[in-house]
Chemist: 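Dropping the structure in here first, questions after.
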Amino acid sequence: MSVRTRVAPSPTGDPHVGTAYVALFNLVFARSYGGQFILRVEDTDRQRSSSASEAAIMEALRWVGLGWDEGPDVGGTFGPYRQSERLDIYRHHADELVASGGAFRCFCTGERLEELRRRQRAGRETPRYDGHCRNLDPQESRDRAQAGETHVVRLDVPVTGTCGFSDGIRGTIEIPWQQVDMQVLVKSDGFPTYHLAAVVDDHLMGITHILRGEEWLSSMPKHRLIYDRFGWSVPDHYHLPLLRNADGSKVSKRRNPTGLNYFRRTGYLPEALRNYLALMGWSMPDEREIFSTEEMTAAFDIERLTTGGPVFDLAKLDWLNGQYIRSLDPGEFMDRVADWAINRENLAALAPLVQQRTERLVDLLPQVDYLLGDRATVDEDDFAPLRLGAEDCLRVLDHVGRRFDATDPWDRDSLQAAIRSLADAMGLPMRDFLAPLFVAITGRTVALPLFDSMAYLGRDMVRSRLASAIAALGGVSKKKAKRLERAYSGLIDQA
RNA sequence: GUCCCCUUCGUCUAGUGGCCUAGGACUCCGGGUUUUCAUCCCGGCAACAGGGGUUCGAGUCCCCUAGGGGACGCCA
């Protein structure tokens with residue numbers, strides 16, 4: 001049987017470097033066996049999924065050079081490849097599980113569940129569904145469901161014993177069933193959760209090897225159970241180490257640029273990014289550090305994957321990117337530069353802003369350089385002349401960051417509305433409120449209009465500039481971050 | 001808190017019981033080439049988390065401790 005792997009992003013945000021990381025290893029693994037690599041969109045979270053995000057993720061993955069053989073856009077014989085289009089498949093399988101006793105309907109209310117979890121936490125137990133609806137009379141269960149009573153479907157999990165399974169790079173792992181929750185498989189809106197959908201799809205799509213992030217390791221018992229209940233064989237699993245921030249925590253946008261578009265916009269070469277990602281937890285047998293994805297594929301051996309979480313450190317990526325840029329022949333270098341930012345497409349967004357401000361074409365450059373560049377370097381002194389003190393500036397920037405995480409769509413008007421409401425909530429005049437933001441984003445005293453600038457830059461770039469401005473203002477400790485978070489949610493609740 | 005995973009220079013890593021006086025790369029520092037800068041070249045700093053075993057021999061195997069991370073959602 002042909003080797004088939006997949007990457008299964010959830011279209012709930014900006015394209016993430018972690019997705020590219022997992023995609024790279026899946027792609028290389030499949031190719032090294034002459035197999036196929038599939039893209040599946042896991043859009044089962046109705047609230048958070050968006051087609052804009054889906055399109056951005058596919059576009060970004062293609063940019064990195066991680067294309068797929070089958071997927072929502074290119075089709076394939078195992079489609080559809082978008083989970084929201086496979087609802088009847090999941091429903092059918094969930095019904096089968098309920099009928100066979102492998103799962104049960106649960107009519108518990110959210111309040112009851114919350115109270116239960118609170119009690120368990122207080123009693124130092126692992127929060128877990130208590131099985132309240134597990135032994136409902138099947139007839140009653142069916143009747144209540146038929147009568148339209150709101151319910152979910154939960155996986156029936158053994159109460160005692162341990163679940164043993166094997167991970168391709170970690171060996172055998174045992175987890176007590178006691179620790180495994182009776183996971184919801186079908187939500188009350190009829191959509192499946194990840195656990196059901198992923199297992200069903202991986203089986204139906206003929207996925208033979210699953211390479212995914214380590215955060216899934218503790219869900220493995222649930223997944224094994226589902227495979228077993230359906231009588232399906234379990235694909236080989238390999239849990240990839242998680243990319244880390246400098247402090248060792250799971251890589252996050254608050255501390256690192258993690259958006260693929262950031263790397264694209266700041267002029268990293270896709271082949272350099274792939275090479276760098278390959279170095280995260282993997283090495284060439286001959287210890288070469290500069291190699292193409294093709295060379296990686298030819299030499300690939302999953303046994304060479306390490307288990308420790310690598311810190312995603314830009315310094316080495318910068319060096320590597322420099323190596324790639326310098327090795328380009330001049331013609332190609334010129335093409336890359338032209339594709340990067342000084343092209344019609346990018347200019348189209350900028351032209352309306354700069355044309356009126358231009359007397360000679362050369363005036364264009366200083367007007368837009370801060371929009372094309374990496375990030376404006378700011379330091380504490382830049383904030384000194386402002387009406388708000390350093391502490392207040394920091395507070396403003398922090399809260400703006402939080403507000404922007406939830407701002408959608410990312411355009412001029414939404415940004416303006418978001419900022420206005422936040423300034424109101426904080427009781428600050430727009431003028432004072434905007435000043436530190438202007439400095440953080442543009443790094444100047446004179447620049448193109450702030451909201452247009454932010455709209456052009458995009459969420460990733462704005463995020464990273466906010467982060468460096470906050471760092472310039474002294475940064476925030478863990479404790480301070482907590483305090484700011486509380487303060488922010490306080491503001492939201494009032495509004 | 002409970003369970004699981006992890007632990008070699010600041011960072012990415014090599015290492016699968018003797019080739020380890022622990023190698024390479026990035027960063028940093030010093031020097032050289034270059035009319036500047038960058039590149040490039042040379043050199044330097046720097047690690048087996050701690051403690052017990054097993055063994056003739058342990059970075060490599062086992063146990064304990066510590067530290068880090070992850071999971072514990074009708075998110076994925």
Side-chain angles (χ1 to χ4, degrees), chain A residues 8-13 16 18-19 40-49 83 106-110 113-114 117 120-129 150-154 162-163 165 167 169-171 173-198 212-222 239-251 275-290 303-323 325-327:
Chain A
S10 172
T12 53
H16 195 273
T19 307
R40 184 174 70 225
V41 174
E42 310 225 317
D43 55 347
T44 54
D45 184 334
R46 272 164 123 175
Q47 277 77 43
R48 295 199 295 159
S49 296
Q83 289 187 327
C106 168
F107 299 88
C108 292
T109 62
L113 263 20
E114 210 163 293
R117 270 194 284 269
Q120 287 169 325
R121 251 182 240 279
R124 307 180 161 192
E125 294 168 58
T126 298
R128 184 181 193 270
Y129 182 65
T150 303
H151 66 278
V152 301
V153 174
R154 283 182 187 275
T162 57
C163 174
F165 59 92
D167 173 273
I169 48 188
R170 279 160 236 267
I173 295 166
E174 291 193 339
I175 294 178
W177 283 119
Q178 191 59 242
Q179 292 294 322
V180 183
D181 201 7
M182 298 186 198
Q183 182 66 49
V184 169
L185 298 179
V186 180
K187 307 177 220 180
S188 55
D189 65 1
F191 274 58
T193 57
Y194 169 85
H195 305 279
L196 206 224
R212 41 139 65 147
E214 193 183 345
E215 75 260 37
W216 294 111
L217 202 53
S218 45
S219 301
M220 200 54 220
K222 295 169 190 170
H239 289 90
L240 269 30
L242 255 24
L243 264 24
R244 311 285 187 95
N245 297 313
D247 68 356
S249 55
K250 182 161 92 166
V251 80
N275 190 160
Y276 179 70
L277 255 15
L279 257 16
M280 301 273 89
W282 194 80
S283 59
M284 276 290 213
D286 63 4
E287 289 195 60
R288 233 180 328 157
E289 295 203 283
I290 300 184
E303 299 279 310
R304 294 189 64 79
L305 252 182
T306 61
T307 42
V311 171
F312 190 84
D313 169 33
L314 279 322
K316 191 155 183 173
L317 173 58
D318 288 346
W319 166 78
L320 199 55
N321 200 56
Q323 295 294 316
I325 286 188
R326 287 177 212 117
S327 71

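These figures come from a predicted structure and were not determined experimentally.
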Chemist: Looking only at atom P, what distance separates B:A22 and B:C45, rounded to whole Å?
Modeler: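 Result for the P pair: 12 Å, nearest Å.
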Chemist: Could you tell me whether a side-chain N or O of A:Asp313 sits under 3.5 Å from a main-chain N or O of A:Ala246, the two making a donor and an acceptor?
Modeler: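 Side chain of A:Asp313 to backbone of A:Ala246, a donor-acceptor pair under 3.5 Å: no, none is there.
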Chemist: Scan A:Ser219 against the nucleic acid and name what it touches under 4.0 Å (heavy atoms): base, sugar-phosphate only, or nothing.
Modeler: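 Counting heavy atoms under 4.0 Å across all strands, no contact is made by A:Ser219.
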Chemist: Can you tell which of B:C6, B:C12, B:G70 lies closest to the side chain of A:Thr307?
Modeler: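 Nearest listed nucleotide: B:C6.
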Chemist: Would you say A:Thr44 places a side-chain N or O within less than 4.0 Å of OP1 or OP2 belonging to B:A76?
Modeler: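 Affirmative; the distance criterion is met.
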Chemist: What is the distance, to the nearest angstrom, from the CD atom on A:Gln179 to the P atom on B:C5?
Modeler: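 Distance check: A:Gln179 CD to B:C5 P gives 12 Å.
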Chemist: Under 4.0 Å, heavy atoms only, any strand: does A:Val184 hit a base, just the sugar-phosphate, or nothing?
Modeler: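 Here A:Val184 touches the backbone only, sparing every base.
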Chemist: Does A:Arg212 reach a base, just sugar-phosphate, or nothing at all? Heavy atoms under 4.0 Å.
Modeler: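 If one applies the 4.0 Å heavy-atom cut-off, A:Arg212 turns out to touch nothing in the nucleic acid.
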Chemist: Base, sugar-phosphate, or nothing: which does A:Ile290 touch, judged by heavy atoms less than 4.0 Å apart?
Modeler: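 Here A:Ile290 touches no strand at all.
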Chemist: Need to verify one output field. Residue with the more 5' nearest nucleotide on RNA chain B, A:Lys250 or A:Ile169?
Modeler: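 Comparing both residues, the 5'-ward one is A:Ile169.
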Chemist: To the nearest angstrom, how far is A:His195 atom NE2 from B:G73 atom P?
Modeler: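 From A:His195 NE2 to B:G73 P: 10 Å.
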Chemist: Do the side chains of A:Met182 and A:Arg128 get nearer than 4.5 Å, heavy atoms only?
Modeler: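 Yes, their side chains come closer than 4.5 Å.
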Chemist: Report the base-pairing partner of B:G67 (Watson-Crick or G-U wobble, both distances below 3.5 angstrom), or none.
Modeler: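 Base-paired to B:C6.
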Chemist: Are A:Asp286 and A:Arg288 within salt-bridge range, i.e. N to O under 4.0 Å?
Modeler: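 Salt bridge between A:Asp286 and A:Arg288, a charged N being under 4.0 Å from a carboxylate O: yes.
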Chemist: I want to verify a distance call: between B:C12, B:C6, B:G15, whose nearest atom is closest to the A:Arg304 side chain?
Modeler: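 Nearest to the side chain of A:Arg304 among the choices is B:G15.
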Chemist: Using a 4.0 Å heavy-atom cut-off, does A:Arg170 contact any base of the nucleic acid, only the sugar-phosphate backbone, or nothing at all?
Modeler: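 Sugar-phosphate contact only.
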Chemist: Identify the nucleotide, in any strand shown, that forms a Watson-Crick or G-U wobble pair with B:A22, with both distances under 3.5 Å; if there is none, say none.
Modeler: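 Across any shown strand, B:A22 pairs with none.
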Chemist: So if I take every side-chain heavy atom of A:Leu217 and compare against B:C5, B:C74, B:G24, which nucleotide ends up nearest?
Modeler: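 Looking only at side-chain atoms, A:Leu217 lies closest to B:C5.
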Chemist: Please determine which of A:Arg212, A:Glu215, A:Arg170 meets the side chain to side chain donor-acceptor pair (under 3.5 Å) test together with A:His239.
Modeler: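 Checked A:Arg212, A:Glu215, A:Arg170 against A:His239; only one passes side chain to side chain donor-acceptor pair (under 3.5 Å): A:Arg212.
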Chemist: How many whole angstroms separate atom CG of A:Asp313 from atom P of B:A25?
Modeler: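 It is 17 Å, rounded to the nearest whole Å.
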Chemist: Check if the side chain of A:Gln183 and the base of B:G73 share a donor-acceptor pair of N or O atoms closer than 3.5 Å.
Modeler: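 Flag unset: no donor-acceptor pair detected.
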Chemist: For a quick test of reading the model, state the closest non-hydrogen atom pair linking A:Pro241 to A:Gly308 and the distance between them.
Modeler: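 Here A:Pro241 and A:Gly308 meet closest at CB-O, 3.4 Å.
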Chemist: Please determine, for the side chain of A:Thr306, which listed nucleotide (B:C26, B:C4, B:U13) has the closest atom?
Modeler: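 Between B:C26, B:C4, B:U13, the one nearest the side chain of A:Thr306 would be B:U13.
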Chemist: Among B:G24, B:C75, B:U13, which nucleotide sits nearest the side chain of A:Asp45?
Modeler: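 In terms of side-chain proximity for A:Asp45, the closest of B:G24, B:C75, B:U13 is B:C75.
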Chemist: Identify which nucleotide among B:C26, B:U13, B:A76 has an atom closest to any side-chain atom of A:Pro310, counting heavy atoms from C-beta outward.
Modeler: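 Side chain of A:Pro310 sits closest to B:U13.
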Chemist: In whole Å, measure the gap between the P atoms of B:G15 and B:U8 for me.
Modeler: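 Taking atom P in both B:G15 and B:U8, they lie 14 Å apart.
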Chemist: Would you measure the distance from the P atom in B:U60 across to the matching atom in B:G50 and give it in whole Å?
Modeler: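 Taking atom P in both B:U60 and B:G50, they lie 10 Å apart.
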Chemist: Taking atom C1' in both B:G24 and B:A71, what distance in whole Å separates the two?
Modeler: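 Their C1' atoms lie roughly 36 Å apart.
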Chemist: Choose from B:G23, B:C72, B:C4 the nucleotide whose nearest atom is closest to any side-chain atom of A:Pro127.
Modeler: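 Of B:G23, B:C72, B:C4, B:C72 is nearest to the side chain of A:Pro127.
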Chemist: In whole angstroms, how far is the C1' atom of B:C74 from the CG atom of A:Leu185?
Modeler: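 It works out to 11 Å between those atoms.
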Chemist: Under a 4.5 Å cut-off applied to non-hydrogen side-chain atoms, are A:Val251 and A:Arg244 in contact?
Modeler: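 They are not in contact (no side-chain heavy atoms under 4.5 Å apart), so the answer is no.
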Chemist: Closest nucleotide of RNA chain B for A:Ser218 versus for A:His151: which of these residues is on the 5' side?
Modeler: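 Nearest-nucleotide comparison on RNA chain B picks A:Ser218.
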Chemist: Determine the contact category for A:Glu114: base if any of its heavy atoms lies under 4.0 Å from a base atom, sugar-phosphate if only primed atoms, P, OP1 or OP2 are that close, otherwise nothing.
Modeler: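 If one applies the 4.0 Å heavy-atom cut-off, A:Glu114 turns out to touch nothing in the nucleic acid.
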Chemist: Can you tell me the pairing partner of B:C74 across any strand shown, Watson-Crick or G-U wobble, with both distances under 3.5 angstrom?
Modeler: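 Looking at the geometry, B:C74 pairs with no nucleotide.
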Chemist: Within the 4.0 Å heavy-atom criterion, would you say A:Glu289 contacts the bases, only the backbone, or no part of the nucleic acid?
Modeler: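 Base, at least one base atom sits under 4.0 Å.
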Chemist: Could you work out the separation of B:G23 and B:C9 based on their C1' atoms and round it to a whole Å?
Modeler: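 Result for the C1' pair: 12 Å, nearest Å.
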Chemist: In whole angstrom, give me the gap between the C1' atoms of B:U54 and B:G1.
Modeler: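 Each nucleotide's C1' atom is 36 Å from the other's.
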Chemist: May I have the distance from A:Gln178 (atom CD) to B:C3 (atom P), rounded to whole angstrom?
Modeler: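 Distance, rounded to whole Å: 11 Å.
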Chemist: Take the angle between the ring planes of A:Tyr276 and A:Phe312 and call it parallel below 30°, perpendicular above 60°, tilted in between.
Modeler: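 Correct class here is perpendicular.
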Chemist: Got a donor-acceptor contact below 3.5 angstrom from the A:Arg304 side chain to the A:Met284 backbone?
Modeler: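 Here the side-chain-to-backbone pair exists.
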Chemist: Could you state the CE-P distance from A:Met280 to B:C6, rounded to the nearest angstrom?
Modeler: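 Spelled out: CE on A:Met280 to P on B:C6 is 19 Å.
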Chemist: Round to a whole Å and report the spacing from CG of A:Leu113 to P of B:G73.
Modeler: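 Going from CG in A:Leu113 over to P in B:G73 covers 9 Å.
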Chemist: If you measure from the C1' atom in B:C28 to the same atom in B:C12, how many Å do you get, rounded?
Modeler: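 Each nucleotide's C1' atom is 16 Å from the other's.
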Chemist: Taking only the side-chain heavy atoms of A:Lys187 (C-beta and beyond), determine which of B:G70, B:C12, B:C74 contains the nearest atom.
Modeler: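 Looking only at heavy atoms from C-beta outward on A:Lys187, the closest nucleotide is B:C74.
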Chemist: Heavy atoms under 4.0 Å, any strand shown: does A:Ser283 hit a base, just sugar-phosphate, or nothing?
Modeler: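 Here A:Ser283 touches the backbone only, sparing every base.
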Chemist: Distance check, P atoms only: B:U16 and B:G53, in whole angstrom units.
Modeler: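 Looking at atom P only, B:U16 and B:G53 are 26 Å apart.
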Chemist: With respect to the side chain of A:Arg244, which nucleotide from B:G69, B:C5, B:U13 is positioned closest?
Modeler: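 Out of B:G69, B:C5, B:U13, the nucleotide with an atom closest to A:Arg244's side chain is B:G69.
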Chemist: So A:Ile175 and A:Phe165, side-chain contact (heavy atoms from CB on, under 4.5 Å) or not? Walk me through it.
Modeler: CA-CA 9 Å; A:Ile175 294 178; A:Phe165 59 92; 3.9 Å; yes
Chemist: CG of A:Leu279 versus P of B:C12: gap in Å, rounded?
Modeler: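 Value for this atom pair: 11 Å.
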Chemist: Would you classify A:Cys163 as touching base, sugar-phosphate or nothing, given that sugar-phosphate means primed atoms plus P, OP1 and OP2, and contacts are heavy atoms under 4.0 Å?
Modeler: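 A:Cys163: no heavy atom of the nucleic acid under 4.0 Å.
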Chemist: Students often get this wrong, so: under 4.0 angstrom with heavy atoms, is A:Gly281 touching a base, only sugar-phosphate, or nothing?
Modeler: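 A:Gly281: backbone/sugar contact only, no base atoms under 4.0 Å.
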Chemist: Counting only side-chain heavy atoms from C-beta out, which of B:C5, B:C12, B:A71 sits nearest to A:Lys316?
Modeler: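 Selected nucleotide (nearest to the side chain): B:C12.
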